[in-house]
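The figures that follow rest on heavy atoms only: side chains count, while hydrogens, waters and symmetry mates do not. Being a predicted model, the structure only gives us computed values, none of them experimental.
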Amino acid sequence: MLKIMKKGIYEVSYQMKRELHHKIAIAVGIIFLFSFGMTLIQAFLVFPVRQRSVSMVPEINKGDCVIVSPLVTTPARGSVIILAPLYSAAEGKFRMLLDKFIGFFTFQQYVPHAHSSLVTETEQLRRVIGLPGDTIYMKDFVLYIKPADESHFLTEFELIDHPYNVAIETTPAMWEKDFGVCADFSPIVLGGDDYFVLADNRYRSVDSRLWGVVKKSRIKGKVLLSYFPFKDFKIFK
């Protein structure tokens with residue numbers, strides 16, 4: 001009788017272990033499929049980016065997390081885009097996808113392989129103001145634009161379909177215009193593949209005023225929305 005009971009206990013224990021292993025395998029499979037799906041989504045549809053500077057204040061604050069779509073590489077005037085770094089070390093595909101995956105779930109608070117704080121070696125969020133064919137000049141931090149098919153200059157704010165805010169500080173009376181941030185420049189004509197991008201924080205940031213025009217190949221995607229902090233949720237047109 002005791003042997004029969006022991007045999008029954010062993011069978012029940014074995015069955016329970018099998019069920020436990022089966023549940024673990026299912027859970028691991030679900031986690032793997034979810035991770036694989038999220039990785040594909042972030043590689044081809046949308047991916048998160050954390051703003052690490054004050055360059056896009058007041059529209060995007062330092063620390064805000066935004067969602068970017070790599071599907072939009074021909075942005076409209078006024079769009080906020082992400083630019084590939086001017087200079088960057090080669091990074092494996094796996095490390096890049098791992099960074100995006102972990103960064104998404106930590107709201108970009110931790111990205112394993114994000115190491116450089118240099119503007120030239122990091123992705124940058126900037127706003128597209130000048131389009132191919134435009135003639136542009138700047139006066140007191142505001143861009144004046146004459147599109148290729150127009151005969152008169154208008155301010156950047158008169159040419160966009162959706163409003164945005166910029167941070168502009170009045171320069172001192174004795175300001176040396178060749179020193180520091182550029183507030184004025186003479187008219188230039190953008191080529192067929194040239195985009196002129198500016199930071200919203202015009203007084204404390206670098207952009208096309210320093211880099212020069214941006215080629216379409218450097219545009220990695222368009223910002224769709226800001227999702228963190230949740231109280232500052234915003235959709236970008």
Side-chain angles (χ1 to χ4, degrees), residues 46-69 72 75-86 103-104 106-109 111 114 117-120 122-131 134 136-145 153-173 175 177 179-185 195-214 218-237:
V46 292
F47 59 89
V49 173
R50 184 187 181 203
Q51 175 65 352
R52 301 181 183 277
S53 73
V54 297
S55 62
M56 293 304 292
V57 169
E59 291 290 306
I60 303 174
N61 295 312
K62 183 178 180 180
D64 286 1
C65 296
V66 300
I67 293 294
V68 177
S69 172
V72 183
R77 195 189 309 277
S79 297
V80 178
I81 60 168
I82 186 167
L83 296 170
L86 283 170
F104 179 80
T106 62
F107 297 106
Q108 305 300 307
Q109 300 301 309
V111 180
S117 60
L118 298 177
V119 172
T120 55
T122 56
E123 298 173 332
Q124 297 293 322
L125 298 181
R126 293 294 183 267
R127 192 179 297 277
V128 174
I129 309 296
L131 300 178
D134 286 350
I136 61 174
Y137 73 89
M138 179 171 277
K139 178 68 173 177
D140 295 329
F141 293 109
V142 175
L143 201 68
Y144 291 78
I145 306 164
F153 283 94
L154 295 173
T155 69
E156 57 186 282
F157 306 110
E158 295 174 293
L159 284 172
I160 59 168
D161 296 327
H162 46 280
Y164 56 87
N165 298 309
V166 298
I168 298 175
E169 298 182 28
T170 303
T171 56
W175 178 264
K177 294 186 177 181
F179 178 78
V181 180
C182 175
D184 306 273
F185 61 79
Y195 291 83
F196 199 87
V197 300
L198 291 171
D200 285 350
N201 189 344
R202 302 284 167 87
Y203 194 70
R204 301 178 184 273
S205 306
V206 296
D207 43 42
S208 284
R209 292 172 293 175
L210 178 65
W211 306 329
V213 297
V214 169
R218 274 195 67 200
I219 300 175
K220 296 184 62 179
K222 176 183 180 295
V223 174
L224 301 180
L225 57 88
S226 174
Y227 72 96
F228 185 82
F230 301 124
K231 65 181 179 63
D232 296 328
F233 181 87
K234 180 189 304 182
I235 295 176
F236 290 85
K237 296 182 180 180

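In plain terms, the two heavy atoms of Val57 and Ala167 that are nearest each other are O-CB, 3.8 Å. Listed here is the closest heavy atom pair of Ser55 and Ala199: O-CB, 3.1 Å. Between Arg202 and Phe141, the shortest heavy-atom contact is NH1-O, 2.7 Å.
To the nearest 0.5 Å, atom CD1 of residue Ile81 and atom CZ of residue Arg127 are 10.5 Å apart. In this structure, Ile235 CD1 and Leu224 CG are separated by 9.5 Å, a value rounded to the nearest 0.5 Å. In this structure, CG on Leu125 lies 10.0 Å from CG on Asp200, to the nearest 0.5 angstrom. With rounding to the nearest 0.5 Å, the separation of CZ in Arg204 from OG in Ser53 is 12.5 Å. Atom NZ of residue Lys139 and atom OG1 of residue Thr155 lie 15.0 Å apart, to the nearest 0.5 angstrom. We find the NZ-CG distance between Lys237 and Asp161 to be 9.0 Å, quoted to the nearest 0.5 Å.
For Arg218, the side-chain hydrogen bond (donor to acceptor under 3.5 Å, both in side chains) test picks out no residue, with sequence neighbours left out. Under the side-chain hydrogen bond (donor to acceptor under 3.5 Å, both in side chains) criterion, Tyr144 pairs with no residue, sequence neighbours left out.
Contact check for Ser69 versus Lys222: no side-chain heavy atoms found under the 4.5 Å cut-off. The shortest side-chain heavy-atom distance between Trp211 and Gln124 falls under the 4.5 Å cut-off. Looking only at side-chain heavy atoms (C-beta outward), Val142 and Ile168 come within less than 4.5 Å of each other. Leu198 places a side-chain heavy atom less than 4.5 Å from the side chain of Arg209. Looking at heavy atoms from C-beta onward, Asn201 lies in side-chain contact with Tyr203 at the 4.5 angstrom threshold. Side-chain atoms of Ile67 and Pro48, non-hydrogen and from C-beta on, do get closer than 4.5 Å to each other. Taking 4.5 Å as the limit, every side-chain heavy atom of Val68 sits out of range of all side-chain heavy atoms of Val46. Looking only at side-chain heavy atoms (C-beta outward), Ser208 and Val213 stay at 4.5 Å or farther from each other.
Tested against Ile129 for a side-chain contact (heavy atoms from CB on, under 4.5 Å), the candidates Val197, Asp134, Ile145, Ile136 yield a single pass: Ile145.
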- Ser79 vs Phe236, side chain to side chain contact (heavy atoms under 4.5 Å, CB included): CA-CA, chis, key distance, verdict: CA-CA 8 Å; Ser79 297; Phe236 290 85; over 6 Å; no
- Would you sort out whether Leu225 and Val66 count as a side chain to side chain contact (heavy atoms under 4.5 Å, CB included), showing the intermediate values? CA-CA 6 Å; Leu225 57 88; Val66 300; over 6 Å; no
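Arg126 places a side-chain N or O within 3.5 Å of a backbone atom of Val206 that can act as its donor or acceptor partner. Formation of a donor-acceptor pair under 3.5 Å by the Lys234 side chain with backbone atoms of Glu59 is found in this model. No donor-acceptor pair under 3.5 Å is formed between the side chain of Asp232 and the backbone N or O of Pro229. A donor-acceptor pair is defined here as one N or O able to donate and one able to accept, closer than 3.5 Å; no such pair exists between the side chain of Asp64 and the backbone of Gln51.
Relative ring orientation between Phe185 and Phe196 is described as tilted, the plane-to-plane angle lying within the 30° to 60° band.
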